[in-house]
Amino acid sequence: MSSPEFVRLNGEPVRITSLTRDGDSISLVVILRGSLANQQFATALRQSPLRLAFPDEPEQEVAVEHAEHHASGEGERALYRHAVRLVAAAPSSPPADDLRTRLDRIEAKLDRILAALDGEAHSSSDESSA
């Protein structure tokens with residue numbers, strides 16, 4: 001199978017020059033013209049996790065394991081070569097606020113259960129003394 005010409009990185013199309021898949025590792029080479037395109041790509045690489053999609057494949061979350069770039073020229077005519085190695089992103093944990101909210105609901109439910117059990121214990125001890 002031939003290498004795709006484009007991938008999607010965080011929903012944006014990115015033209016790739018080279019692609020190598022080695023197990024869970026994906027190596028990409030991207031060549032960009034102009035400082036603005038370079039700046040946008042570098043900003044995208046700082047996000048974690050990244051959403052990477054190949055044509056006809058489901059999107060996957062990846063993280064940058066290694067990245068290097070070289071520039072040739074100046075200004076908007078400059079060429080920037082990015083060599084990036086991506087690996088599968090670690091599963092993300094729920095935000096702390098969501099986790100705290102869930103724990104508060106569980107604690108409230110346990111309090112209601114304990115109160116109900118405590119009420120049943122009092123009523124059964126009243127019945128046994130009568």
Side-chain angles (χ1 to χ4, degrees):
M1 181 176 143
S2 67
S3 212
E5 193 172 333
F6 286 89
V7 297
R8 288 198 169 278
L9 192 62
N10 291 339
E12 297 295 320
V14 175
R15 184 180 201 147
I16 56 175
T17 304
S18 172
L19 167 70
T20 306
R21 294 186 194 195
D22 184 20
D24 290 337
S25 177
I26 301 167
S27 296
L28 303 173
V29 174
V30 177
I31 297 179
L32 303 165
R33 180 179 294 279
S35 58
L36 181 59
N38 178 60
Q39 197 172 42
Q40 290 172 336
F41 186 73
T43 299
L45 289 180
R46 285 192 288 274
Q47 296 178 15
S48 183
L50 297 166
R51 296 180 335 273
L52 177 68
F54 293 100
D56 303 323
E57 290 184 30
E59 185 174 84
Q60 56 185 306
E61 287 190 345
V62 296
V64 176
E65 182 179 66
H66 178 75
E68 61 183 58
H69 79 276
H70 302 281
S72 172
E74 294 180 15
E76 290 307 311
R77 296 192 51 105
L79 290 177
Y80 298 87
R81 180 186 185 275
H82 291 265
V84 182
R85 187 171 41 250
L86 305 169
V87 294
S92 60
S93 58
D97 290 342
D98 289 348
L99 188 57
R100 198 166 288 117
T101 301
R102 290 175 58 201
L103 289 173
D104 287 344
R105 282 195 316 250
I106 292 169
E107 185 177 6
K109 190 181 284 187
L110 287 173
D111 288 341
R112 289 192 304 271
I113 291 170
L114 290 172
L117 289 174
D118 192 36
E120 287 178 13
H122 286 300
S123 64
S124 63
S125 65
D126 292 341
E127 290 172 4
S128 62
S129 9

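One-based numbering along the sequence shown. All values reported here derive from a predicted model rather than from experimental measurement.
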Chemist: Between the side chains of E76 and S35, is a donor N or O closer than 3.5 angstrom to an acceptor N or O?
Modeler: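 Yes, a side-chain donor-acceptor pair sits under 3.5 Å.
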Chemist: Go through T17 and V30 one step at a time and tell me if the side chain to side chain contact (heavy atoms under 4.5 Å, CB included) criterion holds.
Modeler: CA-CA 6 Å; T17 304; V30 177; 5.9 Å; no
Chemist: Please assess L36 against F41 for the test side chain to side chain contact (heavy atoms under 4.5 Å, CB included), listing each intermediate value before the final yes or no.
Modeler: CA-CA 9 Å; L36 181 59; F41 186 73; over 6 Å; no
Chemist: Can you tell me if Q39 has over 12 outside heavy atoms packed within less than 6.0 Å of its CD?
Modeler: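 Atom CD in Q39 is not packed in, count stays at 12 or less.
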Chemist: Starting at CD of E57, measure out to CG of L52 and round the result to the nearest 0.5 Å.
Modeler: 9.0 Å
Chemist: What's the verdict on side chain to side chain contact (heavy atoms under 4.5 Å, CB included) for L45 and L9, showing C-alpha distance, side-chain angles and the deciding distance?
Modeler: CA-CA 9 Å; L45 289 180; L9 192 62; 4.2 Å; yes
Chemist: Which is it for L50 and V62 under the side chain to side chain contact (heavy atoms under 4.5 Å, CB included) test, yes or no, and what are the steps along the way?
Modeler: CA-CA 5 Å; L50 297 166; V62 296; 3.9 Å; yes
Chemist: What is the distance from atom CD of E68 to atom CZ of R81, rounded to the nearest 0.5 Å?
Modeler: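 Here the interatomic distance stands at 7.0 Å.
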Chemist: How many angstroms lie between atom OG of S27 and atom CG of L19, to the nearest 0.5 angstrom?
Modeler: 8.5 Å
Chemist: For R51, is there any backbone N or O sitting under 3.5 Å from a side-chain donor or acceptor partner on N10?
Modeler: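 Yes: the side chain of N10 pairs with the backbone of R51.
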Chemist: Let me confirm one number: the OG-CG distance from S25 to L86, rounded to the nearest 0.5 Å.
Modeler: 7.5 Å
Chemist: In chain order, what residues pass the side-chain hydrogen bond (donor to acceptor under 3.5 Å, both in side chains) check against S72, with sequence neighbours excluded?
Modeler: none
Chemist: Could you pull out all residues at least two apart from E5 that satisfy side chain to side chain contact (heavy atoms under 4.5 Å, CB included)?
Modeler: R15
Chemist: Where does the angle between the aromatic ring planes of Y80 and H69 fall among parallel (under 30°), tilted (30 to 60°) and perpendicular (over 60°)?
Modeler: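 The arrangement is tilted - the two ring planes meet at 30° to 60°.
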Chemist: Run the salt bridge (charged side-chain N to carboxylate O under 4.0 Å, His left out) test against R8 and tell me which residues pass, sequence neighbours left out.
Modeler: none
Chemist: Measure the spacing between CG of D111 and CD1 of I106 and express it to the nearest 0.5 Å.
Modeler: 12.0 Å
Chemist: Does a sphere of radius 6.0 Å around CG in D104 hold more than 12 heavy atoms from other residues, nucleotides or ligands, not counting ones at 6.0 Å or beyond?
Modeler: yes
